[in-house]
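When a ligand or atom number is given, it counts from 1 through the structure's own listing order. Sequential numbering from 1 along the given sequence is applied to the chain's residues.
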Amino acid sequence: MVTDKKKEYFKDFLNERLDTLLNEANKTVTGMVDQGDNFPDPTDRASLESDRNFTLRIRDRERKLIVKIKEALERIDNGTYGICDECGEDISEQRLKARPVTTLCIDCKKKQESEEKLKGL
Ligand SMILES: [Zn+2]
């Protein structure tokens, strides 16, 4: 069972992470606008476009992480945080610290990964 003290710890941790991600996302958007004004040359434009694709890919990953963090915060509020989605067992604190947005205990995660590998073959 995740104690209230631990809940607070992970809540702070996740909120901080969320703030950082949202700040980064804002910076990315602002940076894209600035770069557009500074590189009128067509050659530079081409590299700017690939930079932009790169940035968008990063942002896609960030967006997914933001969603996961918000879900984790919801789970803290409704008391299901730190409980494995698959088997209902507690997820170890060590694992939560390494991957605070996880919804699976290490055993179920390993099982899932090996099943995914089997499907891939
Ligand atoms: Zn499990």
* Between CG on residue N23 and CG on residue L18, distance to nearest 0.5 Å -> 10.0 Å
* Is any protein N, O or S atom closer than 2.8 Å to the Zn ion (ligand 1), and if so, which? -> C84 SG, C87 SG, C105 SG, C108 SG
* To do: Rounded to the nearest 0.5 Å, what's the gap from CG on L96 to CZ on F10? Could you check?
  => 4.5 Å
* Taking salt bridge (charged side-chain N to carboxylate O under 4.0 Å, His left out) as the test, write out the residues that go with D60, two or more places apart. => R63, K64
* Can you list every pair that meets side chain to side chain donor-acceptor pair (under 3.5 Å) and has a residue in residues 96-111, with sequence neighbours left out? -> E93-K97, R95-T102, K109-Q112
* To do: Drop me the distance from L14's CG to D19's CG, to the nearest 0.5 angstrom.
  => 11.0 Å
* **salt bridge (Lys or Arg N to Asp or Glu O under 4.0 Å): pairs with one or both residues in residues 66-87, sequence neighbours excluded** => K11-D77
